[in-house]
Number of protein chains: 2
Amino acid sequence: MVQSFFQRNLQFNRSFKKKLNEQLMKVGLYHSQWSIIYYLKQFDTTTLVEISNYLDVEKPTITRTVNRLEEQQLVVKIPSEDKRERRIQLTGKGLALYEEAKQIVDAFERSLLTGIPDDDQKKTVEVMQLLLEKLK
Amino acid sequence: MVQSFFQRNLQFNRSFKKKLNEQLMKVGLYHSQWSIIYYLKQFDTTTLVEISNYLDVEKPTITRTVNRLEEQQLVVKIPSEDKRERRIQLTGKGLALYEEAKQIVDAFERSLLTGIPDDDQKKTVEVMQLLLEKLK
DNA sequence: GATGTATAGTTACCTAGGTAACTAATTCTA
DNA sequence: TAGAATTAGTTACCTAGGTAACTATACATC
């Protein structure tokens, strides 16, 4: 049975998330938590809406994941001047975990990408980017 | 902020599933239900384990989705000689829905892929396939 | 033939995504 | 400036993925 372009992508994605979760288990994180921690590291303080826009994930999903990070004391929510929003920030513990997780994720991604020519990687990213734009 | 190869793939995948679900809503299906119906159409009768192996999705997930298809009377479970297994089959209603959904999915996928050169598509599939094998 | 192992499927429970509808605060506008 | 519209975030509830542990049947082996 021939698999369509998209079926293949769905399948790759399931496997990738599974293995990435396995790796991140070493530091007690899930991949969605990692995405948020990674974003927070780059931007110091941010809001739920900013995370939602950047990751293109709906707000309720982000709310839930951030709450779990807060329970683990990896982030704190700081009241803002605009009383609607609360600025989210990595704690010391969160920053330390970032460093640990970064090693793991980098090694994992490198191990997957080695042996795949740069041109092929670039072309694939181009195609994904184009498809993403067409979806919107 | 530069997005990694994999972050981009995760994002594309979220958007793709979202839009595919929107399309399939027209016939009251979710994309995971569609994957199973599509597989059943090709193989006439099959088992839960076969579906699980082919889609590379764990058994409990398949169990749940197949049960929902059964509730909608799109599939039936037929007792087998081997009393452990139950062979799963599309009903008439399921087959009719397959035809409807196929039109929708084909049109959706075509609209996304038009304008993307065949070579680029092929290269992308190659890369995904290679990455998938490396994951195992 | 009894016992141990493998297989099909289910149940319970976890995270990750979504939508709809809501509150509270802010901003826009007539 | 009062009222309308927008925005930040939350709550409730849906499907989709996962793991662990279980039952029942089948098969293998001693």
Side-chain angles (χ1 to χ4, degrees), chain A residues 7 9-25 28-37 45-72 75 77-88 135, chain B residues 7 9-25 28-37 45-72 75 77-88 135:
Chain A
Q7 287 290 345
N9 191 286
L10 291 171
Q11 187 162 325
F12 166 69
N13 218 259
R14 277 193 299 268
S15 294
F16 176 73
K17 284 196 283 191
K18 207 164 153 180
K19 296 286 179 186
L20 182 54
N21 274 337
E22 275 175 28
Q23 291 300 309
L24 283 170
M25 265 309 121
L29 286 178
Y30 288 91
H31 76 272
S32 60
Q33 297 176 336
W34 165 248
S35 293
I36 290 178
I37 286 180
T45 92
T46 181
T47 67
L48 204 139
V49 167
E50 282 168 16
I51 299 174
S52 170
N53 287 338
Y54 178 73
L55 295 180
D56 197 19
V57 168
E58 298 298 324
K59 289 185 298 175
T61 304
I62 304 293
T63 296
R64 192 213 291 135
T65 305
V66 166
N67 283 345
R68 288 201 190 115
L69 291 174
E70 196 182 17
E71 283 164 20
Q72 295 177 257
V75 307
K77 292 181 188 158
I78 299 166
S80 168
E81 203 162 319
D82 181 335
K83 283 177 191 166
R84 287 172 306 180
E85 70 176 28
R86 285 136 51 142
R87 303 205 65 83
I88 300 161
L135 280 171
Chain B
Q7 286 289 345
N9 193 305
L10 291 171
Q11 188 162 325
F12 167 68
N13 217 260
R14 277 193 299 269
S15 294
F16 176 72
K17 284 196 283 192
K18 207 164 154 180
K19 295 287 178 184
L20 182 54
N21 274 337
E22 275 174 28
Q23 291 300 310
L24 283 169
M25 265 308 122
L29 286 178
Y30 288 93
H31 76 272
S32 62
Q33 299 176 333
W34 166 246
S35 293
I36 290 178
I37 286 180
T45 93
T46 181
T47 68
L48 203 139
V49 167
E50 282 168 17
I51 299 174
S52 170
N53 287 336
Y54 179 74
L55 295 180
D56 196 21
V57 168
E58 299 299 324
K59 290 185 297 175
T61 305
I62 304 292
T63 296
R64 191 211 292 135
T65 305
V66 166
N67 283 345
R68 287 200 190 116
L69 291 174
E70 197 182 17
E71 283 164 20
Q72 295 177 256
V75 307
K77 292 180 187 159
I78 299 166
S80 167
E81 205 162 318
D82 181 336
K83 283 178 191 165
R84 287 172 305 180
E85 68 176 29
R86 283 136 52 139
R87 304 206 64 82
I88 299 160
L135 279 172

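Every chain is numbered from 1 and lettered A, B, ... according to where its sequence line falls, protein lines coming before strand lines. Fair warning: this is a prediction, and the values are worked out from it, not measured in the lab.
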statement: Of Glu22(A) and Thr65(B), the one whose nearest nucleotide on DNA chain D sits closer to the 5' end is Thr65(B)
field: Value rounded to 0.5 Å, distance of OG1 in Thr47(B) from NZ in Lys59(B)
entry: 10.0 Å
task: Kindly indicate whether the side chain of Arg64(A) and the base of dG9(D) share any N or O donor-acceptor pair separated by less than 3.5 Å?
output: no
- request: Take the protein atom CZ of Arg68(B) and the nucleotide atom P of dG17(D), then report the distance between them rounded to whole Å.
  value: 10 Å
- request: For the residue pair Asn9(A) and Asn9(B), establish whether any side-chain heavy-atom pair is separated by less than 4.5 Å.
  value: yes
message: When you compare the side chain of Leu10(A) with that of Leu55(B), does any pair of heavy atoms fall below 4.5 Å?
response: no
field: Atom pair distance, as rounded to whole Å: NZ in Lys77(B) and C1' in dG9(C)
entry: 9 Å
statement: Closest non-hydrogen atoms of Val75(A) and Val66(A), given as atom of the first, atom of the second and distance, are CG2-O, 4.0 Å
message: The side chain of Val49(A) is closest to which nucleotide in this list: dG18(C), dT10(C), dG9(D)?
response: dG9(D)
- prompt: Counting side-chain heavy atoms from C-beta on, which of dG18(C), dG9(D), dT15(D) comes nearest to Tyr30(B)?
  reply: dT15(D)
message: Just to be sure I understand the rule, does Glu58(B) reach a base, reach only the sugar-phosphate, or reach nothing, if contact means heavy atoms closer than 4.0 Å?
response: base
- line: Side-chain atoms of Glu85(B) come closest, of dA8(C), dG17(C), dG17(D), to dA8(C)
- prompt: Separation of Ile62(B) atom CD1 from dT11(C) atom P, in whole Å?
  reply: 16 Å
query: Quick check: does any side chain N or O of Asn21(A) sit under 3.5 Å from a backbone N or O of Tyr30(A), one acting as donor and the other as acceptor?
result: no
query: Could you give the distance from OG1 (Thr63(B)) to CD1 (Ile51(B)), rounded to the nearest 0.5 Å?
result: 9.5 Å
- prompt: Just how far is it from atom CG of Leu69(B) to atom CZ of Arg64(B), taken to the nearest 0.5 Å?
  reply: 12.0 Å
- request: Rounded to the nearest angstrom, tell me the gap between atom CG in Asn53(B) and atom P in dG9(C).
  value: 11 Å
Taking N or O atoms only and anything under 3.5 Å, show me the protein contacts with nucleotides 20-28 of chain C, one pair per line.
residue : atom : partner  : partner atom : Å
dT26(C) : OP1  : Lys83(A) : N            : 3.0

field: Between dT19(C) (P) and Arg14(B) (CZ): distance, integer Å
entry: 13 Å
task: Give Lys18(A) one of three labels, base, sugar-phosphate or nothing, depending on what nucleic acid heavy atoms sit under 4.0 Å from its own.
output: sugar-phosphate
field: Any Thr61(B) side-chain N or O less than 4.0 Å from OP1/OP2 of dG18(D)
entry: yes
- request: Take atom CD1 of Ile51(B) and atom C1' of dT10(C), then tell me their distance rounded to the nearest Å.
  value: 15 Å
message: In this structure, how many angstroms lie between the P atom of dG17(C) and the CG atom of Asn9(B), rounded?
response: 13 Å
- request: Please determine, for the side chain of Leu48(A), which listed nucleotide (dT10(C), dG9(D), dG18(D)) has the closest atom?
  value: dG9(D)
- prompt: Can you tell me if the side-chain N/O atoms of Arg86(A) get under 4.0 Å from OP1 or OP2 in dT10(D)?
  reply: yes
query: Salt bridge or not for Glu58(A) and Lys18(B), using N-O below 4.0 Å?
result: yes
Nearest-Å distance for atom pair CD/C1', residues Glu71(A) and dC14(C): 13 Å
- prompt: Hey, does Asn13(A) reach any base, or is it just sugar-phosphate, or nothing, if we go heavy atoms under 4.0 Å?
  reply: nothing
field: Below 4.0 Å: OP1/OP2 of dT10(C) and any side-chain N or O of Thr63(B)
entry: yes
